Amino acid sequence: NIFRVLGDFSHLASIFILLHKIQQLKSCSGISFKSQVLYMLVYITRYLDLPWTSSPYNFIFKVLFISSELYIIYLMARAYKPTNDPNLDTFHVEFLLGFAGLLALLFPYKYTILEVFWAFSIWLESVAILPQLFMLQRTGEAEAMTAHYIAALGMYRALYIPNWIYRYFSEPTHKVDTIAVTAGILQTILYSDFFWIYYTKVMRGEKFKLP
Amino acid sequence: GSKEEFKDEL
């Protein structure tokens, strides 16, 4: 459906915006390395089924997400390392890993490796933006490209919510994926404050600056 | 199964 396709392309667009920002400005300042590593972990643990993916659409996106994330991490850790300031990226990710690990172990759909890792990846993704938002809060402002990146990344999961509603009514089984939906709503709520400032500042041509 | 169908999402 249209919401899901828009969501997936928003996700892909966010990655292109981030890569464009890093290469255009020859800098990864303002980007949380910790959030990027968390996303890498999200892709690895969710796409363990990559070799068995039957849909070409999903297969291409999975490969694109994994490979582009690897490239982003390479750029931040090697090519543009001097522009990456660890002193601003101080969020304690062990809390996020503990949160996702605990929920994945307590409430997986099934106790299989694939299912537990899948649940872990869903919960981890829901909070993986926090080191990035925390960094933004410390610096108090962001380059336009960084703001566009976060907005597109947040829009992706927000668009999955109408997709789930649409699927609930259009598919005969009327099933709800409680893990994905709960985590998706949590993820979108975490972005809400950012979305508001993005809407009131950046979309009106102003700089992204916290009040 | 229901959630298998949802695994078709990214």
Side-chain angles (χ1 to χ4, degrees), chain A residues 1 3-5 7-12 15 42-43 46-50 52-66 107-110 112 114-115 117-119 121-122 125 156-157 159-161 163-164 166-168 170-181 183-184, chain B:
Chain A
N1 63 68
F3 303 111
R4 191 189 152 185
V5 172
D8 291 336
F9 277 91
S10 179
H11 190 178
L12 193 62
I15 292 166
V42 165
Y43 298 139
R46 187 170 314 166
Y47 301 151
L48 288 172
D49 65 344
L50 181 71
W52 302 279
T53 305
S54 54
S55 138
Y57 176 92
N58 282 357
F59 185 80
I60 291 167
F61 270 105
K62 287 176 184 181
V63 171
L64 280 173
F65 292 150
I66 295 170
F107 315 109
Y109 287 129
K110 281 184 209 150
T112 63
L114 232 58
E115 286 285 351
F117 273 118
W118 178 84
S121 85
I122 294 286
E125 187 197 328
Y156 135 69
R157 215 54 174 175
L159 283 162
Y160 262 61
I161 297 172
N163 152 64
W164 291 319
Y166 179 90
R167 289 190 70 168
Y168 178 81
S170 67
E171 291 174 15
T173 48
H174 298 303
K175 288 287 162 65
V176 180
D177 185 333
T178 43
I179 296 175
V181 171
Chain B
S2 58
K3 100 206 126 39
E4 301 308 331
E5 286 161 32
F6 272 97
K7 294 281 199 284
D8 62 8
E9 291 183 342
L10 295 159

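What you see is a predicted model; the values in this text were computed from it and never measured. Proteins get letters first, then strands, A, B, ... in listed order; numbering begins at 1 in each.
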Turns out that what part of Y43(A) lies under 4.5 Å from chain B's heavy atoms comes down to neither
In terms of heavy-atom proximity below 4.5 Å to chain B, should D8(A) be classed as side chain, backbone, both, or neither?
side chain
Can R46(A) and E9(B) be said to form a salt bridge (charged side-chain N to carboxylate O under 4.0 Å, His left out), step by step?
CA-CA 11 Å; R46(A) 187 170 314 166; E9(B) 291 183 342; over 6 Å; no
To the nearest 0.5 Å, tell me how far R167(A) CZ sits from D8(B) CG.
4.5 Å
Mind checking the OH-NZ spacing from Y109(A) to K7(B)? Nearest 0.5 Å is all I need.
7.0 Å
List for me each residue that meets ring pair (Phe, Tyr, Trp, His ring centres under 6.0 Å) alongside Y166(A), sequence neighbours excluded, and say none if there are none.
none
Partners passing ring pair (Phe, Tyr, Trp, His ring centres under 6.0 Å) against F117(A) (at least two apart in sequence or in another chain)
none
I'd like to know which of Y156(A), Y160(A), Y57(A) tops the heavy-atom pair count under 4.5 Å against chain B.
Y160(A)
Heavy-atom pair with the smallest gap, counting every atom of R157(A) and L10(B):
NH1-C, 4.4 Å
